[in-house]
Amino acid sequence: MLFLYAGLCGFSPSVVRASILCVLSYGANCLRIKKDRIELLAVAAIVILLFTPSALFEVGFQLSFAACFGIVLLAKPIGQVCVEFKNLFIFKTPKKQNSFEEILLAQDKKRVWDKVMGFLSVSLAAQIATAPIQIYHFGYVSGWALLLNCLFVPAVGVLFPLLLGLVAAACLLPIELVSVVLYLPNLLWSVGLLLFYAFDFSGLALHQTVGVVAVGCYTLACLFLSDKLNVSKVTRV
């Protein structure tokens, strides 16, 4: 079913990557093999390149895997920074003499903060990892990317099951009713595109020019700042 869905999406690099990762993850669980996310990403990249070696030079392939590697390498360190910031400046540990309601309120605030910062750390890690590739290919990186992720990712999570259900229903209905059932997805998609193209995102764009060497050095720096190398926190900072 995963590869059937990938075929419906035109076997785009991001969908193929996700499908291969799911299959590898399920296989590792069945064989009781310890999973390593970097190894899974590397295997997914190798599988795609075996069938289409030219994908290595495609922007979609590079951005897709760069975002995933950025999440694997940087999301946890960024989250740890957010936790330290929370403990130092925002939420202080409730004192024992505080009321039970105050302690519960403080715990609820911490849970909300952890959820929000967890989402932002993943989005920020992906943006950091893909920034040099965007600059290399397009000459700029948009400052709106993180905000758009915060808006569209939750919206897609809510709307996608609804739209997928409507598409599945359209496959079972007579051809005369298909256009009626698919009117809502088409309307939502058209409105979303209209709003997207009507807004000017160039205001917060960072225009720059970089070469391949600079992109490689930037990637090595991200690897050094991650928690994948056996380096002390003091040295990393």
Asks: With no hydrogens and no angle check, is any side-chain donor or acceptor of Q134 less than 3.5 Å from a backbone partner on G139?
Replies: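 No, because the side chain of Q134 does not come within donor-acceptor range (under 3.5 Å) of the backbone of G139.
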
Asks: With rounding to the nearest 0.5 angstrom, report the CZ to CG distance, F65 to L56.
Replies: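 One gets 10.5 Å once the value is rounded to the nearest 0.5 Å.
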
Asks: Return yes if some donor-acceptor pair links the side-chain N/O of S25 with the main-chain N/O of L21 below 3.5 Å, else return no.
Replies: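 Absent.
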
Asks: Considering non-hydrogen atoms only, spot the tightest contact between T130 and A126 and give its length.
Replies: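 Closest heavy-atom pair between T130 and A126: OG1-O, 2.8 Å.
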
Asks: Grouping I, L, V, M, F, W and Y whenever their side-chain heavy atoms are under 4.5 Å apart, do I71 and I38 come out in a common cluster?
Replies: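 Unlinked, I71 and I38 end up in two clusters.
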
Asks: I need the minimum non-hydrogen distance between A125 and A75, along with the two atoms involved.
Replies: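 Closest approach of A125 to A75: CB-N, 3.7 Å.
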
Asks: Between L24 and V16, is there shared hydrophobic-cluster membership here, with clusters defined by ILVMFWY side-chain heavy atoms closer than 4.5 Å?
Replies: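 Result: yes, single cluster for both.
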
Asks: If you look at every heavy atom in I133 and A66, which pair is closest and at what distance?
Replies: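 Answer, listing the atom of I133 first, then A66: CD1-CB, 3.4 Å.
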
Asks: Mind checking whether V122 and L120 sit in one hydrophobic cluster, side chains of I, L, V, M, F, W, Y counted as touching below 4.5 Å?
Replies: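 They do not share one cluster, since no chain of ILVMFWY contacts under 4.5 Å joins V122 to L120.
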
Asks: Is it true that, when you exclude F119 itself, more than 12 heavy atoms of the residues, nucleotides or ligands shown sit nearer than 6.0 Å to its CZ?
Replies: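 Yes, because the 6.0 Å sphere around CZ of F119 holds more than 12 heavy atoms from other groups.
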
Asks: Between I78 and I128, is there a side-chain heavy-atom distance shorter than 4.5 Å?
Replies: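 Sidechains of I78 and I128: in contact.
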
Asks: Is F138 close to V59 at the side-chain level, that is, under 4.5 Å between some pair of heavy atoms?
Replies: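 In short, these two side chains touch, coming nearer than 4.5 Å.
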
Asks: Linking I/L/V/M/F/W/Y whenever their side-chain heavy atoms sit closer than 4.5 Å, directly or via other members, would F51 and L40 fall into one cluster?
Replies: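 Cluster IDs for F51 and L40 match.
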
Asks: How close do R17 and I48 get, counting heavy atoms only, and between which atoms?
Replies: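 Heavy-atom minimum between the residues: N-CD1, 4.0 Å.
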
Asks: Given the rule that I, L, V, M, F, W and Y join up when any side-chain heavy atoms are under 4.5 Å apart, are F57 and F69 in one cluster?
Replies: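 Same cluster: F57 reaches F69 through Ile, Leu, Val, Met, Phe, Trp or Tyr contacts under 4.5 Å.
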
Asks: Is the shortest heavy-atom distance from the side chain of Y26 to the side chain of L2 under 4.5 Å?
Replies: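 Heavy-atom side-chain distance check passes, below 4.5 Å.
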
